[in-house]
Each structure stands twice: as C-alpha cells, then as structure tokens.
S.K.: 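Dropping the structure in here first, questions after.
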Amino acid sequence: MSRLTPSLATLFISGWTLFGQRGAEAQSCTLAGPPVEAAWSRSIATAPDVAAAPLRLVADVPMPGTATRFDYQSLDPNSGRLYISHMNAGQLVVFDTRTQRVLANLDGFPRVTGVLMVPAEGRAYASATGNHEVVVVEDSSLRIVAHVPGPTFPDGIAYAPDERRVFVSDESGAREFVIDARTHRPITMIPLGGEAGNSQYDAGSHCIIVAIQTLNQLAIIDPGSAQIVRRVTVADAVRHPHGIYIDAPHRMAFIAGEGSASVGVLDLRTLQLTSVVPVGEDPDVLAFDPLLGRLYVAAESGVVGVFAEEGTTLRALGSVTLPHAHTVSVDPVSHRVYLPLQNLDGKPVLRIMEGSRR
C-alpha cells in the first residue's frame, strides 16, 4: 500500500519575558479535556511465526569509543546526519548516512541518553544525565553552544515548533523540563506525578505527549501554557509505558509497554487502544518509516520487531535478534535501519539493515 510522507511566575525584562514568548501563530493543544482511560479488553495475541527475515544486512560500520551502551538516536533526513548517544562512553557520535562514515565523535556528554536534532533551530539537544543538564550542539560547526542545567535525569526530548520550546523528560525527577530554544534558558518544570518516559510532539494536535511510566499514563501538555491539559490512563496490556512514536497524519500513537513486553496502538481521535501486539522483553526505542508504514521496536532483550501499520492495527512481519539492540532509527528516504550495537567482538558497531517492502 502506498503512503504519503507527512510533511513559572513570568518575569519581564524590557518588555520581554525572561523565559520566552509564545508565538502569535501558535495553536492550542486540541487534546485538552477530562482524564480518559484507554481500555483494552482483549488478550495480547501470540506473535505469529514469520519465516521470512524482515531485515537484511547492509553493512557493519566500526564505531569510535568504547564497547559500551548506546541510547537514543536522531536523524536529520535533509542532511543525512544521524546523531547517536553513546551513553556509557559519554560521547555524541555524528554519522553521515549518505557516505556511511562517522563525521565526528563529540566529548562532553556524560551518560548521554536522549538526543534530538531540530533542523528548524540548526541544533541538536542531548540529555547529559551525568551532569544533570541538556547540552546544545550547533549542527553547522558541531560545537557545544550551551549547557542548560536543571533536570535530575534528563531522557527523551521533544520540540514544539510554534512555541520554539524543547521538552525534556526528567525521568527520576518525575517532571517535564522545558527550555526556550531561542535563549537556551529554562522556562519551567511541569510535575508529572510519576517517572517520565519518552516525550513526543504531535503535529496533528499541537500537543506534547509524555509517557508516565509508574502511573501507566500519558500526560498531554499544551506547549504554549506548559500545563498538563489531559491525562490518558493506559490499560495494563501496555504496562509501564516508556517509548512512544506518534504517526501524526494517521492520528495514531505507538506506545511500548516495558512491563508487558507489548506495543499498543492508541487512536488519537478516540484516545482508545485499537491494537496491542507482543514484542521482545523490555521494549525501549521505536522508529517508524512513514512511506512504507513500518514500525521498528527495539528491546533491551535484543529483539527488534518489525510491524506493518494497517489501519489502526499492526501486523507482525517478523523479528531479528542482535546483541544489545535496544535502540533503532530509520531513514525515511533510503528506508535503511540503524542499530548501534555496543559490543561485537569487543568493539562497538553500527549495524545498517534494510527493511522488506512487502
């Protein structure tokens, strides 16, 4: 099937707020409303036996640094630059997906977890948990231009384009940390009431959606007011939600339940679960190819599940098992899949694979 690619108190200084202003063109979050329970009454089906391999090997590229854990990745499809958090090396690797070579290996990111490249700002934002800060990198020069302290354990990162604000999951701090992308200054911290998982921006509703792992909830945040405007409680079938990916054009959110080894499909129009599928133990990072409609789910157990999006459901295409393959990204142009592996024969490797088009 062919698919279309989706394109605090306030302080005033000289008439400008210290923490930045919401643009006049910004739209309100349209998922506001009373709390909702996203129920699921059916059991999770057993994963089907899929004989054909859903991914084939393209290349193994040696990675710099030590044979230690990687975490999130962020690709700029316009430039082909892939930012990879080499968490336990304290480095940010910049990889050119077009030439298949490492452009830079940046120091100064102790225990880096989340990373997000924002082409509109020309900067990448990285969660340096070892320093309890967010580090800002200028994409053109690959130099650190700002350190933003504040979060206890910064993790996933999202960007609201109208407000030009960066939202950071403060996992153990149980809050969302908000930064003004123009000034690199903190705006506020939003209490969540539980551990924060990943954060994502939903272009369809103009909301930030944050997984609250310990409450089995999603918090819906209006990026302009920086307030929670709704909570969605997710059924135990998607227990301890952590990873999220939002398919905004089709109004769906894919939610990884770490405690249930499952991925749920949340219809963002009804805020109800429409499908729950089994995946590898401890699912972590999700990636989505919008043109092919392929969802990739990487788990701490090393299982990478591949699914086809069909309406409001997911159909399993199969899985591959790789050592430490808990983080994944996909290039929506080439359809290549990137899996940083911390230790293959004693060395870190970036495994590049290609997905089936069936």
S.K.: Is T113 reaching over with its side chain to a backbone N or O of P154, donor-acceptor style, under 3.5 angstrom?
M.R.: yes
S.K.: Taking only residues two or more places apart in sequence, or in another chain, which ones meet L103 in a side-chain contact (heavy atoms from CB on, under 4.5 Å)?
M.R.: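 Partners of L103 under the side-chain contact (heavy atoms from CB on, under 4.5 Å) test: R81, V94, D96, R101.
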S.K.: If you round to the nearest 0.5 Å, how far is OG1 of T233 from CG of L271?
M.R.: 11.0 Å
S.K.: Would you call R165 and E163 a salt bridge, using N to O less than 4.0 angstrom?
M.R.: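 Judged by the 4.0 Å cut-off on N to carboxylate O distance, R165 and E163 do not form a salt bridge.
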S.K.: In terms of side-chain geometry, is the basic nitrogen of D170 or R175 positioned less than 4.0 Å from the acidic oxygen of its partner?
M.R.: yes
S.K.: Consider side chain to side chain contact (heavy atoms under 4.5 Å, CB included). Of T312, L268, I246, L266, which one does M252 pass it with?
M.R.: T312
S.K.: Could you tell me whether E281 atom CD has more than 12 heavy atoms of other residues or ligands within 6.0 Å of it?
M.R.: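 Check fails, neighbour count at 12 or below.
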S.K.: For the pair N131 (side chain) and E133 (backbone), establish whether a donor and an acceptor sit closer than 3.5 Å, ignoring hydrogens and angles.
M.R.: no
S.K.: Using a strict 4.0 Å threshold on nitrogen-to-oxygen distance, state whether R111 and D71 make a salt bridge.
M.R.: no
S.K.: Does any N or O in the side chain of H184 come within less than 3.5 Å of the main-chain N or O of V145, such that one atom is a donor and the other an acceptor?
M.R.: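 It does not hold such a pair.
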S.K.: Tell me whether L57 shares a hydrophobic cluster with V306, the cluster being built from Ile, Leu, Val, Met, Phe, Trp, Tyr side chains joined at under 4.5 Å.
M.R.: no
S.K.: Do R239 and E258 sit within salt-bridge range, that is, some charged N less than 4.0 Å from a carboxylate O?
M.R.: no
S.K.: Is R315 salt-bridged to E310, cutoff N-O under 4.0 Å?
M.R.: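 Yes.
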S.K.: Is a side-chain donor-acceptor pair under 3.5 Å present for D107 with Q91?
M.R.: yes
S.K.: I'd like to know if E138 and R143 make a salt bridge, using a cut-off of under 4.0 Å between side-chain N and carboxylate O.
M.R.: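 Looking at R143 together with E138, the answer is no, because their closest N to O distance does not fall below 4.0 Å.
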S.K.: Quick check: does any side chain N or O of S205 sit under 3.5 Å from a backbone N or O of L31, one acting as donor and the other as acceptor?
M.R.: no
S.K.: So which residues get pulled into Y338's cluster when ILVMFWY side chains under 4.5 Å apart are joined, directly or through others?
M.R.: V58, V61, M63, F70, L75, L82, I84, V93, F95, V102, L350, I352
S.K.: Using atom types as modelled and distance alone, determine if a side-chain donor or acceptor of S262 lies under 3.5 Å from a backbone N or O of A237.
M.R.: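 Yes; at least one donor-acceptor contact below 3.5 Å.
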